[in-house]
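Values below: every heavy atom of this structure, side chains too, minus hydrogens, waters and symmetry copies. Per chain, numbering begins at 1; letters A, B, ... match sequence-line order.
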Amino acid sequence: AQSVAQPEDQVNVAEGNPLTVKCTYSVSGNPYLFWYVQYPNRGLQFLLKYITGDNLVKGSYGFEAEFNKSQTSFHLKKPSALVSDSALYFCAVRGSLSGGYNKLIFGAGTRLAVHP
Amino acid sequence: ETGVTQTPRHLVMGMTNKKSLKCEQHLGHNAMYWYKQSAKKPLELMFVYSLEERVENNSVPSRFSPECPNSSHLFLHLHTLQPEDSALYLCASSQDRTGIGIQYFGAGTRLSVL
């Protein structure tokens, strides 16, 4: 079965320090991987995705993610955290539906808290 | 603003009430989704519509009834809900069904069932 795990409920980091939000996945075949962010009282916003190609994917707001096939991981990173990055981050993998349709399977989310 | 609008933003209802959630997308997308978001749990996909045809009903109780009258509008009709149905209900849309496109989410409806 396809699944996503985000092992940390919360990540705390000081402003200006690098941040990492972890994600591991389990799929059959080639994975299509995504990161979304949710700010308070808002819906989810797309950050970046990995379909194929370079293992390092760059996305919005200075975020990037590294695809590691051997470790089945897709960790989200940023070299220098901002207080405004504080939000809930979701990792997702493409799953299958009947009739040739597909869906996103989300992890439980990781709350990122960036302290001044 | 993501182009997906949900109303109302907040809803409080008793277990015997009937209410509806509305979602509208202004992006020209062909697929629309309902998700349930509960604290510290993965988003739960409830329903998927593509070109107004329901393609997924993810074992959702019959007290939730979706309706997709056209490709821009999606409703979730609620009746005889239970307190455990209290959650944030998110609507999303995407260009197509491939699953590699971006999903655009509304801000959600915060539902409280008393």
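In the hydrophobic clustering of ILVMFWY residues, with side-chain heavy atoms under 4.5 Å counting as a link, B:Met15 and B:Leu78 come out together. Note: the hydrophobic cluster containing A:Val21 also contains A:Leu33 (ILVMFWY, side chain heavy atoms under 4.5 Å, direct or indirect links). Hydrophobic clustering (ILVMFWY, side-chain heavy atoms < 4.5 Å, transitive): B:Leu90 and B:Phe75 are in distinct clusters. Hydrophobic clustering of Ile, Leu, Val, Met, Phe, Trp and Tyr side chains at less than 4.5 Å, counting indirect connections, keeps B:Leu74 apart from B:Val48. Cluster annotation: A:Val114 is connected to A:Tyr39 through the hydrophobic network of ILVMFWY side chains, with a link wherever side-chain heavy atoms come within less than 4.5 Å.
One distance of note links CG of B:Leu43 with CD of A:Gln38; it measures 7.5 Å at 0.5 Å rounding.
Nearest heavy atoms, B:Arg9 versus A:Asn41: NH2-O, 3.0 Å. For the residue pair A:Phe106 and B:Pro42, the shortest heavy atom distance occurs at O-CB, 3.2 Å.
By the neighbour-count criterion of 12 heavy atoms within 6.0 Å, atom CG of A:Asn55 is densely surrounded, having more than that number from other residues, nucleotides or ligands.
For an aromatic pair to be called close, the ring centres must be under 6.0 Å apart, and B:Tyr104 with A:Phe46 fails this.
Taking the side chain as every heavy atom from C-beta outward, A:Leu88 and B:Gln37 approach each other to under 4.5 Å. Between A:Gln45 and B:Ile102, every side-chain heavy-atom pair lies at or beyond the 4.5 Å cut-off. Residues B:Tyr35 and A:Leu104 meet the side-chain proximity criterion, which asks for heavy atoms closer than 4.5 Å. In this structure the side chain of A:Leu44 never reaches within 4.5 angstrom of the side chain of B:Gln103, judged on heavy atoms.
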